Peer 1: 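Have a look at this one.
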Amino acid sequence: MFKLARTPLIRASRAMAQSTAATPIGAVRTKYTLPQLDYELDALEPHISGQINDLHYNKHHKTYVDNLNKAIESAVEAKEKGEAKKLVALQKALNFNGGGYVNHCLWWKNLAPEKAGGGKVPSADSKLGQQIVKQYGSIDNLISATNAKLAGIQGSGWAFIVKNKENGNTIDIVTTANQDTVTDPNLVPLVAIDAWEHAYYLQYQNVKADYFKALWNVINWKEAERRFEF
């Protein structure tokens, strides 16, 4: 059994490290950390196994956290030394690991065990529920459209159900490659779905369509409703 203490999730927006160029090298800096989960690692079974979550959280997500902190330290040092070329070279590491950190913080928070409401679709009278019906006709149609987008990802990437504030708060589906994340301030991620092999292969092997179908049983639509209110 895989266990974690039940402590409140540290939201990505609050867990962001705050560092400036004026901070001396070697000074104490707030670092990015893994978020604390709202549920046990095996609580999403049978849809997502505890073994997958253990590796996903304690290995993959932790690696992004560790490498992001290292890249930030290197960037601060390079800036203070005036090493412009090194700063440019570090952008890939910052973007990749920073995206991996942010995406996974969204991922863990938009999942919930079935006994805690995972898979329970938005209520018909909620703002999110009304918008889904207005645009897609039903939640099932939105899920089908999202799964079609997921199936179209070549290699590794993510799919996001977002609120488009620039377009009258419509609900859009966007995909990104690798660990690219949603950075447009007009797009509010409601649901983030990890399409990397490490998110499903131990359980679903090469049949990722089964994984995309199963994970909707543990999607935290209450969290999506909350984000839609932003």
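Remember, predicted model here, so these are calculated numbers, not experimental data.
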Peer 1: Of all residues at least two apart in sequence or in a different chain, which pass the salt bridge (Lys or Arg N to Asp or Glu O under 4.0 Å) check with Lys165?
Peer 2: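 Partners of Lys165 by the salt bridge (Lys or Arg N to Asp or Glu O under 4.0 Å) criterion come out as none, since no residue qualifies.
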Peer 1: Using side-chain contact (heavy atoms from CB on, under 4.5 Å) as the criterion, list what pairs up with Val174, not counting sequence neighbours.
Peer 2: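 Listed in chain order: Phe160, Val162, Val182.
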Peer 1: Taking only residues at least two apart or on different chains, which pairs with a member in residues 179-195 satisfy salt bridge (Lys or Arg N to Asp or Glu O under 4.0 Å)?
Peer 2: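 The answer is none; no pair qualifies.
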Peer 1: side-chain hydrogen bond (donor to acceptor under 3.5 Å, both in side chains) with Trp158: which residues, sequence neighbours excluded?
Peer 2: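 Trp158: side-chain hydrogen bond (donor to acceptor under 3.5 Å, both in side chains) contacts with Gln179.
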Peer 1: List the residues meeting side-chain contact (heavy atoms from CB on, under 4.5 Å) with Ile153, not counting sequence neighbours, and say none if there are none.
Peer 2: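 Here the qualifying residues are Leu150, Thr175, Ala195.
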Peer 1: Check ring-ring contact (aromatic ring centres under 6.0 Å, His included) between Phe96 and all other residues, then give those that pass, not counting sequence neighbours.
Peer 2: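 Tyr64.
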Peer 1: Among all residues two or more places apart in sequence or in another chain, which pass the ring-ring contact (aromatic ring centres under 6.0 Å, His included) test with His60?
Peer 2: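 Checked His60 against ring-ring contact (aromatic ring centres under 6.0 Å, His included); matches are His198.
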Peer 1: Which side chain to side chain donor-acceptor pair (under 3.5 Å) pairs, counting each pair once, include a residue from residues 142-156, with sequence neighbours left out?
Peer 2: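 For residues 142-156: Asn147-Trp216.
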Peer 1: What salt bridge (Lys or Arg N to Asp or Glu O under 4.0 Å) pairs are there with at least one residue in residues 119-145, not counting sequence neighbours?
Peer 2: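 Listed once each, the pairs are Lys127-Glu229.
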Peer 1: Please identify each residue that fulfils side-chain contact (heavy atoms from CB on, under 4.5 Å) with Glu166, with sequence neighbours left out.
Peer 2: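 Testing Glu166 for side-chain contact (heavy atoms from CB on, under 4.5 Å), a comparison that skips the adjacent residues, returns Asn164, Asn186.
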Peer 1: Applying side-chain contact (heavy atoms from CB on, under 4.5 Å), name anything that partners Glu225, two or more places apart in sequence or on another chain.
Peer 2: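 If we apply the side-chain contact (heavy atoms from CB on, under 4.5 Å) test to Glu225, skipping adjacent residues, the hits are Pro122, Ser123, Ser126, Leu128, Lys222.
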Peer 1: Mind checking side-chain hydrogen bond (donor to acceptor under 3.5 Å, both in side chains) for Asp66 and listing every partner two or more places apart, or none if nothing turns up?
Peer 2: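 If we apply the side-chain hydrogen bond (donor to acceptor under 3.5 Å, both in side chains) test to Asp66, skipping adjacent residues, the hits are Lys62.
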